[in-house]
Amino acid sequence: MTIKPLIILPDPVLRQVSTPIETIDDDVRRLADDMLETMYDAPGIGLAAIQIGVPRRLLVLDVTKEGEEKKPLVFINPKIVRSSDDRSVYEEGCLSIPDYYAEVQRPAGITVEYLDRDGKEQSIEADGLLATCLQHEIDHLNGVLFIDHISKLKRDMVIRKFTKAAKVRGAKAI
Ligand code: NI
């Protein structure tokens, strides 16, 4: 397993729409393992493949608390098939937008259909932090970031800050 470098705002790669995975083979499982290792190392509770520059519909999660036994989850081609009307608010962050947090409102409960790492069709009913985290990561697969759910004023401020920081790093800015 390899820890991969993370793509950071405002890299335009984060705005790419990821494509479905057709064959679940050892390469895909290796990618999932690399993503889990990268996520745990960061540390974070979720990571989409595009955040390490791979535009495929694959994400990993582990929403267990510190000190609890790890419970890594792998979602391939995840699709939200139900969203509840009631909403919940969580303070979200993102490994691609380090050290920035903001409250985001999303449906409190969702049902997601996906393929597991063996290519088996699965369905999960999620609420609480898992529901929020899944929606955040599925957004990544569609080129959407959590800052797209906050006010334009706040979003512009964050993008400006990260664009300036990217220039200092010598990274390409949008
Ligand atoms: Ni994120």
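Whatever order the structure lists ligands and atoms in, that order sets their numbers, starting from 1.
Applying the salt bridge (Lys or Arg N to Asp or Glu O under 4.0 Å) rule to Asp26 yields the partners Arg29; only residues at least two apart in sequence or on another chain are considered. Applying the side chain to side chain donor-acceptor pair (under 3.5 Å) test to Arg15 and every residue at least two apart in sequence or in another chain returns Asp148. For Asp41, there are no side chain to side chain donor-acceptor pair (under 3.5 Å) partners, not counting sequence neighbours.
Shown are the protein N/O/S atoms under 2.8 Å from the Ni ion (ligand 1), given by residue and atom: Cys94 SG, His136 NE2, His140 NE2.
Side chain to side chain, Gln105 and His149 fail the donor-acceptor criterion of an N or O pair below 3.5 Å. Between the side chains of Ser96 and Gln51, at least one donor N or O sits under 3.5 Å from an acceptor N or O.
In the hydrophobic clustering of this structure, Leu58 does not group with Val112; members are Ile, Leu, Val, Met, Phe, Trp, Tyr whose side-chain heavy atoms approach within less than 4.5 Å, directly or through other members.
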